[in-house]
Colleague: 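Take a look at the following structure, please.
Each ligand, and each atom within it, is numbered from 1 in the order the structure gives. Heavy-atom basis, side chains included; hydrogens, waters and symmetry copies ignored.
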Amino acid sequence: MDAADKQGGLGGGMLRSSGIWKLAVLSTAFWTLVFYVHSCMQGGDGVGSVLLKKSTSSPPPLLSSDIAGRRAPPHQQQEVQSQQSVTAPADDDRCAGRYIYMYDMPPRFNDDLVRGCSKLSPWTDLCWVVANCGMGTPLNDQGGFLQARGWYATDQFMLDIISHCRMKRYECLTGDASRAAALYVPFYAALDAGRYFFNSTSARDALPLDFADWLARRPEWQATGGRDHFMVAGRTSWDYRRKADVDEEWGNKLLNLPVMQNMTALILEETSKTSRNTIPIPYPTYFHPETAADVAAWQEKVRGAERKWLFSFVGGARPPSSHTVRAEIIQQCDASSRCEHADCGSGACSWPSGVMRVFQSSDFCLEPSGDTPTRRSTFDSIMAGCIPVFFQPDSAYTQYTLHLPKDPDSWSVLIMHTDITGRNVSIEETLSKIPPEKVKAMREEVIRLIPKVVYADPRSSRVDFKDAFDVALEAVFDRVAKRRQGAATGDAN
Ligand SMILES: *[C@@H]1O[C@H](CO)[C@@H](O)[C@H](O)[C@H]1NC(C)=O
Ligand SMILES: *[C@@H]1O[C@H](CO)[C@@H](O)[C@H](O)[C@H]1NC(C)=O
Ligand SMILES: *[C@@H]1O[C@H](CO)[C@@H](O)[C@H](O)[C@H]1NC(C)=O
């Protein structure tokens, strides 16, 4: 599904500053979304039509607050209760340095957005997408390409809900802000932003401004100016960094508001070189394992997958001129007998199993920029044990420094887009020159990454592996500690 690409635009400043980008963005975003929804409804494999029925006749969607308290399998109930008691001071403190204070916010900042899921998108009802703590509709094993447990039709922009659900079960919550290592603000900024991209700037900024006003009045915020606060805003930076109040400019201005200056927002991609208030974290994939055993079983499966294609590309073309590298990639792939191209325009990539089938059958997966430099598809490819091929460093290397290995060559390939568009570099030739034992080692490195970049089922009381969210939390604790120290010694940090 190239909903992975639906934000619209070219991966860089170029498109954004040119006059035509908006049109391009709007039209791709529109058509991709319409197409995506359309093809999901058509549901080539039958799942889509079930979905459609579900979304029109199902009871009101589950709110994150409903879900957090239930669903715990009986063997986990005990643990849930003990988590609550952790909020009382304990001497032998396994939570030292990890306490989190979670704001109880008015529902207009979170649950009301989920409740209004039929209005989250101008074109379609997203109620089936926000269900299950933001993981969406559960999938079965899809004819053997997935597993019976842990797979969902997860939309790429649902991390606000997934994280909040997860935080409600966090084992070291405290009601005492003064002893917290960090303060979590559960504002669903991505859901809010997604509603109004095509409305006036005042509609886009209304809830962010309301949020800023509300937060700045909290004594917990005033105590530090937000230095120890964090939130999860699951979209890319350019959705939140509008500079001028003109409708032609993209996005809202959340990240430019004073209240955000010293907070940390976990987002999907940062393109500002000077930002100090964001940390990019992986896009969610379709996989949400509950236990380390679920992860290991999946790793074993993709390790043994038969990979009949040298490389593959799942995605469509983009408006001409702005995406010459895509056009060239598609041309090269279509011309090669060793490349599989799943064209989103033909519906081949509109459902998770379609994407995962192709990725599991390929050694290398091409990940050119979409509307912005990063793509959710990169993380789907990692899940499938398919070695990502990037065409610019900011598609991954400069973004996900917490989650991805320091040495890019150990798990991925970079072919600069300029080399492709210069028409002198053949992707097939480049990839087929990599020795088989090197390919195997890279694949193993990719498979090893799975637990670290996956988001575990936020409803489970998983304790036996560290997932993408755990990794991000550690970075937040670190940053807050440094900033507190900086404040104490007078250093801005
Ligand atoms: C946003 O635009 C849509 C479509 O024009 C309109 O129906 C809706 O009322 C607008 N919402 C706001 C808050 O302005
Ligand atoms: C953010 O921190 C800087 C440096 O510590 C400080 O000068 C500034 O006033 C803070 N901003 C807010 C909104 O508190
Ligand atoms: C391809 O051509 C471009 C422009 O002519 C040049 O800068 C680049 O080094 C070439 N790349 C290779 C691998 O030959």
Colleague: Taking Tyr103 for the side chain and Arg218 for the main chain, is one N or O donor matched with an acceptor at less than 3.5 Å?
Modeller: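 Not at all, since once roles are kept as given, no pair shorter than 3.5 Å links the two residues.
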Colleague: Which is closest to atom 8 (C) of ligand 2 by heavy-atom distance: Val259, Asn262, Asn277?
Modeller: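 Of the listed residues, Asn262 has the closest heavy atom.
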Colleague: Counting only N and O atoms by type, is there a donor-acceptor contact under 3.5 Å from the side chain of Asp160 to the main-chain atoms of Ala189?
Modeller: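 A pair under 3.5 Å: yes.
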Colleague: Pro258 heavy atoms, cut-off 4.0 Å: which ligand 2 atoms fall inside?
Modeller: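 The atoms of ligand 2 under 4.0 Å from a heavy atom of Pro258 are 13 (C).
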Colleague: Under 4.0 Å and counting heavy atoms only, is there anything from the protein next to atom 2 (O) of ligand 1?
Modeller: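 It does; a protein heavy atom is within 4.0 Å.
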Colleague: Go through the side-chain N and O atoms of Thr378 and Ser381 and say whether any donor and acceptor fall under 3.5 Å apart.
Modeller: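 No.
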Colleague: At what distance, to the nearest 0.5 angstrom, does CZ of Phe287 lie from CE of Met135?
Modeller: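 Nearest 0.5 Å value for the CZ-CE distance: 11.5 Å.
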Colleague: Nearest protein heavy-atom contact for atom 6 (C) of ligand 1: which residue, which atom, what distance?
Modeller: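 The protein heavy atom lying closest is Asn199 ND2, 4.1 Å.
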Colleague: Applying a 4.0 Å heavy-atom criterion (strictly less than), which segment of Phe198 is in contact with ligand 1: side chain, backbone, both, or neither?
Modeller: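 Neither; no heavy atom under 4.0 Å.
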Colleague: Let me know which of Val246, Asp245, Asp247, Asn252 forms a side chain to side chain contact (heavy atoms under 4.5 Å, CB included) with Glu249.
Modeller: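 Going through Val246, Asp245, Asp247, Asn252 one by one, the side chain to side chain contact (heavy atoms under 4.5 Å, CB included) with Glu249 is satisfied by Val246 alone.
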Colleague: Flag atom 14 (O) of ligand 1 as yes if some protein heavy-atom distance to it falls below 4.0 Å, otherwise no.
Modeller: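 True for atom 14 (O) of ligand 1.
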